[in-house]
Amino acid sequence: MLDPKRLRTELDEVAKQLARRGFKLDVDAVRALEGQRKALQTHTEELQNQRNLRSKSIGQAKARGEDIAPLMAEVSSLGDQLKTAEQDLVKIQTDLETIALGLPNILDASVPDGADENQNVEVRRWGEPKQFDFEPKQHFELGANQDWMDFESASKLTGARFVVLRAAMARLHRALTQFMLDTHTQQHGYTELYVPYMVNADSLRGTGQLPKFEEDLFKLNNEQGYYLIPTSEVPVTNLVRDTIVDAANLPLKFTSHTPCFRSEAGSHGKDTRGLIRQHQFEKVEMVQITRPDQSWQALEEMVGNAEAILQKLGLPYRVITLCSGDTGFSAAKTYDLEVWLPGQQKYREISSCSNTLDFQARRMVARFRNPETGKTELLHTLNGSGVAVGRALVAVVENYQEADGRIRVPEVLRNYMGGAAYLA
RNA sequence: GGAGAGCUGGCUGAGCGGUCGAAAGCGGCGGUCUUGAAAACCGUUGAAGGAAAACCUUCCGGGGGUUCGAAUCCCUCGCUCUCCGCCA
C-alpha cells in the first residue's frame, strides 16, 4: 500500500508515477472522495467530542448526587446523528481503502521504462551457452525416457499442468531442493523455515495478492476460506505482520522450501508442454526483512545468492531488470534470473528478486523501533526465488544431456544423489 | 469432538458501567552518584489519525449489540491454556 499521506498531498505525482506501469489512477474521483472523507471525519469527530463531554458531565453530576434528567434530555438527539455520521464515514473510508489496496507500488527511478517483457534490460551474463554436437532435446523429451516425467498419469490423477516424477528424476528434484537450502543456510546466512501451505486472507492481503489477484489463487472450500499459497513469500513475509521487530535482530533472513499453487488463469496456451508452467511446483524462497536504509543493498545481495545457486550448478544465465510495464504489483524493482535452456534455445525465468520497500510492510503493519529516534518505523521487505526447483530441474536436464540421451549429474548434486554421475 | 479458564501497552500483569489510554513491575530513554560500569535514587516512556498550536478523535483479540457513557455487561467469531475423548 502507498503512503496515504502521500496519496492526499501528492496525488498528481503519484498518478504520474503509476502511469509508468500503464496504471490509470482516477485522480478526480480520489480527490472528490478525499474531500468528502475529510468533511465527514471532522463532523463525526466533533459529534463524538460532544457525546464524550456530555457523558462525562452526566457522570460527574451523578457522582455529586444531582438530578441528571435535564442533561440526559440534552444528549438524546446526539445518538442518532452520531450513528449516521459514523456509518457514512465508515463507508467512505472503506471506498478509499479499496482504492488504496488496488494501487501498485511506485517504481524505483532506476527501473527502465517499457511496455512489456520485451523491453526488460539485461544487466549481465554468466557462462556461455554450451555448444552441442547434436540437436539438444527439450526436457520433456528427455523425461520420457524411463517414464521419468509422466504427464499422462498426472493428468489422469488430477488434470492438466501437473506431473509425476519417477525414480532418479524424483531424486534429482529432491537433491536440488536440499542443495539450495543447504547453500542458503550454510553459506548465505539464511534461517530455514517450515511454514503452512495454506494461509488466510489477511496474509494474502499483507503481501499484495489480495484483493486484486484472487483469480490467480486456489481457494479452499472450508469454512475459514483458506487459500493454497502461490509462493512461500506469503507465509514467510507475514511472520512480521502486526509486529514490532527488535532493531538488533535486523536484517531477518529466511529461506523456505514449499510447494506453490497457482491457477495460471489467463495463461492458456502458454508453455502447455512440460514442467515450465504447472499448477503445483516447488520453490526455495529467500525473504529479507530490513531497515529502510538497507533494502537496496539487500536486493543486490539476494540476487547474488540466487546467482550462486546457478553458478554452482554450472548453468548459464543472465540477469535482467524488469521494465516498468513488467514489474509486479508489490515490487519497486525486480531482477529476474533467466537460465539458458538448450532445448528451447532461450533464456527462461528461473528466479525473481524484488524489493517492495515499505509497500508490503504498510499493508502488514510491520515495524521496528528505530534506536536513533526511539520511534516505530515501517520495515522494508524483499523476496526472491533461490531458485524455482522445477525449472532448475528442467535446466539441469537440458544442459547436462548427452548425445545418447543420458543425463549427467552436476558435481555439487552428487553427494545428494548417492554419488551417481548419471541419472539411472 | 466434549468441559472449563483466559486474551489489556515493547514484556509481565492490575482494573466496582462514569476524570481509565488504563495501576504496578520489568525493559527503554534522560539524570544524580562513580575514574568508568553495576547497584541505588530521581525523572521520563503506548500506537494511529487530524490540527500552526492549545488540543481533538480512535484503539484493551476481531466483529456486532445494550447504554447518555463499555477494558468492564450481552452476542458472535478467532486464538491460547487445562482436563477428557479420538488420532498420524
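Just the heavy atoms: all of them, side chains too, but no hydrogens, waters or symmetry mates, feed the values below. Labels below follow one simple rule: chain letters A, B, ... track the order of the sequence lines, proteins then strands, and each chain is numbered from 1.
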**Student:** Counting the atoms with a prime plus P, OP1 and OP2 as sugar-phosphate, which does A/Ile244 contact under 4.0 Å by heavy atoms, base, sugar-phosphate, or nothing?
**Tutor:**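 If one applies the 4.0 Å heavy-atom cut-off, A/Ile244 turns out to touch the sugar-phosphate alone, with no base involved.
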**Student:** Under 4.0 angstrom, heavy atoms only, what part of the nucleic acid is A/Arg64 near: base, sugar-phosphate, or nothing?
**Tutor:**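 If one applies the 4.0 Å heavy-atom cut-off, A/Arg64 turns out to touch nothing in the nucleic acid.
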**Student:** Could you tell me whether A/Thr376 contacts a base, only the sugar-phosphate backbone, or nothing, with contacts defined as non-hydrogen atoms closer than 4.0 Å?
**Tutor:**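 Sugar-phosphate: the residue A/Thr376, judged by heavy atoms under 4.0 Å, touches backbone atoms but no base.
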**Student:** May I have the distance from A/Gln81 (atom CD) to B/C68 (atom C1'), rounded to whole angstrom?
**Tutor:**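 Distance, rounded to whole Å: 14 Å.
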**Student:** Mind checking the P distance from B/A23 to B/C79? Whole angstroms is fine.
**Tutor:**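 Roughly 31 Å separates the two P atoms.
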**Student:** When you compare B/G13 with B/G17, how far apart are their P atoms, in angstrom units rounded to a whole number?
**Tutor:**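 23 Å, rounded to whole Å.
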**Student:** Could you tell me if the ring centre of A/Phe218 sits under 6.0 Å from that of A/Tyr227?
**Tutor:**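 Centroid separation for A/Phe218 and A/Tyr227: 6.0 Å or greater.
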**Student:** Measure the distance from CZ on A/Arg369 to P on B/G9 and round it to the nearest whole Å.
**Tutor:**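 It works out to 13 Å between those atoms.
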**Student:** Nearest whole angstrom, please: distance from the P of B/C20 to the CD of A/Gln60.
**Tutor:**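 After rounding, the gap between these two atoms is 11 Å.
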**Student:** Keeping the roles fixed (side chain from A/Glu398, backbone from A/Gln138), state whether a donor-acceptor pair exists under 3.5 Å.
**Tutor:**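 Side chain of A/Glu398 to backbone of A/Gln138: no pair is present.
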**Student:** Take atom CD of A/Gln50 and atom P of B/G69, then tell me their distance rounded to the nearest Å.
**Tutor:**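 Result: 14 Å.
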**Student:** Suppose you measure atom C1' in B/U45 against the same atom in B/G25; what distance do you get, rounded to whole Å?
**Tutor:**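 Roughly 14 Å separates the two C1' atoms.
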**Student:** How far, in whole Å, is B/A70 from B/C75 if one measures between their C1' atoms?
**Tutor:**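 Rounded to whole Å, the distance is 15 Å.
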**Student:** Can you tell me how far P of B/C68 sits from CG of A/Asp80, to the nearest Å?
**Tutor:**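 For the pair A/Asp80 CG and B/C68 P, the rounded distance is 11 Å.
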**Student:** Using the closest heavy atom to pick a nucleotide of RNA chain B for each, name whichever of A/Gln41 or A/Met72 lands nearer the 5' end.
**Tutor:**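 Counting from the 5' end, the first nearest nucleotide belongs to A/Gln41.
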**Student:** Quote, to the nearest angstrom, the P distance that separates B/U12 from B/G61.
**Tutor:**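 One P to the other, the span is 14 Å.
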**Student:** If you pin A/Arg367 and A/Lys38 to their nearest nucleotides in RNA chain B, which one's is more 5'?
**Tutor:**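 Taking each residue's closest nucleotide, the earlier one in sequence belongs to A/Arg367.
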**Student:** Which nucleotide, if any, forms a Watson-Crick or G-U wobble pair with B/A38, using both distances under 3.5 Å?
**Tutor:**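 Checking every strand shown, B/A38 finds no partner, since no pair has both distances under 3.5 Å.
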**Student:** If pairing requires Watson-Crick or G-U wobble contacts with both distances under 3.5 Å, which nucleotide is the partner of B/U72?
**Tutor:**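 When the pairing criteria are applied, nothing turns out to pair with B/U72, so the answer is none.
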**Student:** Kindly point out which of B/G18, B/U19, B/U58 is positioned nearest to the side chain of A/Arg51?
**Tutor:**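 Selected nucleotide: B/U58.
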**Student:** In whole angstroms, how far is the P atom of B/U57 from the NZ atom of A/Lys56?
**Tutor:**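 The answer, rounded to whole Å, is 8 Å.
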**Student:** Determine which nucleotide pairs with B/G6, using a 3.5 Å limit on both distances of a Watson-Crick or G-U wobble pair.
**Tutor:**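 The answer is B/C79, by the H-bond criterion.
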**Student:** Any side-chain donor-acceptor pair under 3.5 Å between A/Gln50 and A/Arg54?
**Tutor:**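 Side chains of A/Gln50 and A/Arg54: pair found under 3.5 Å.
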**Student:** If I pick the P atom on B/G18 and the same atom on B/G69, what distance separates them, to the nearest angstrom?
**Tutor:**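 Those two atoms are separated by 14 Å.
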**Student:** Can you tell me the Watson-Crick or wobble partner of B/C29, both distances under 3.5 angstrom?
**Tutor:**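 Across any shown strand, B/C29 pairs with B/G43.
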**Student:** Given that both distances must come in under 3.5 Å, which nucleotide forms a Watson-Crick or G-U wobble pair with B/U67?
**Tutor:**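 Across any shown strand, B/U67 pairs with none.
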**Student:** Give one of base, sugar-phosphate or nothing for A/Asn52, where a contact means two heavy atoms less than 4.0 Å apart.
**Tutor:**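 Answer is sugar-phosphate: A/Asn52 comes under 4.0 Å of backbone atoms only.
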**Student:** Please determine, by modelled atom types, if A/Ser232 and A/Ser256 share a side-chain donor-acceptor pair under 3.5 angstrom.
**Tutor:**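 No.
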**Student:** Would you say the base of B/G18 and the side-chain of A/Lys62 have a donor-acceptor pair closer than 3.5 Å?
**Tutor:**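 When only heavy-atom distances are counted, A/Lys62 does reach the base of B/G18 through a donor-acceptor pair under 3.5 Å.
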**Student:** Across all strands, who's sitting opposite B/G85 as a Watson-Crick or G-U wobble pair, both distances under 3.5 Å?
**Tutor:**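 B/G85 is unpaired by these criteria.
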**Student:** B/U57 P sits how many Å from A/Leu47 CG, rounded?
**Tutor:**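 So the CG-P distance, A/Leu47 to B/U57, works out to 12 Å.
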**Student:** Can A/Gln360 and A/Thr381 be counted as having a side-chain donor-acceptor contact under 3.5 angstrom?
**Tutor:**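 The criterion, which ignores hydrogens and geometry beyond distance, is satisfied for A/Thr381 and A/Gln360.
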**Student:** When you check the phosphate oxygens OP1 and OP2 of B/C56, does a side-chain N or O of A/Asn49 lie under 4.0 Å from one of them?
**Tutor:**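 Looking at the OP1 and OP2 atoms of B/C56, neither is under 4.0 Å from any side-chain N or O of A/Asn49.
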**Student:** Atom CG of A/Asp3 and atom C1' of B/A48: how far apart are they, to the nearest Å?
**Tutor:**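 That distance rounds to 13 Å.
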**Student:** Output the single nucleotide from B/C68, B/G10, B/U57 whose closest atom is nearest the side chain of A/Val75.
**Tutor:**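 Nearest to the side-chain atoms of A/Val75, counting from C-beta on, is B/C68.
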**Student:** Applying salt bridge (charged side-chain N to carboxylate O under 4.0 Å, His left out), can you list everything that pairs with A/Glu402, at least two apart in sequence or on another chain?
**Tutor:**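 Partners of A/Glu402 under the salt bridge (charged side-chain N to carboxylate O under 4.0 Å, His left out) test: A/Arg408.
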**Student:** May I ask you to say what A/Glu46 touches in the nucleic acid, namely base, sugar-phosphate or nothing, with a heavy-atom cut-off under 4.0 Å?
**Tutor:**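 A/Glu46: no heavy atom of the nucleic acid under 4.0 Å.
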**Student:** Please measure how far the P atom in B/C81 lies from the corresponding atom in B/U8, and state the result in whole Å.
**Tutor:**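 So the two P atoms sit 14 Å from each other.
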**Student:** What are the two closest non-hydrogen atoms of A/Asn249 and A/Leu252, and how far apart are they?
**Tutor:**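 Taking every non-hydrogen atom into account, O-CD2, 3.5 Å.
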**Student:** When rounded to the nearest Å, what value does the distance between C1' atoms of B/C59 and B/U44 take?
**Tutor:**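 Nearest-Å result for B/C59 against B/U44 at atom C1': 23 Å.
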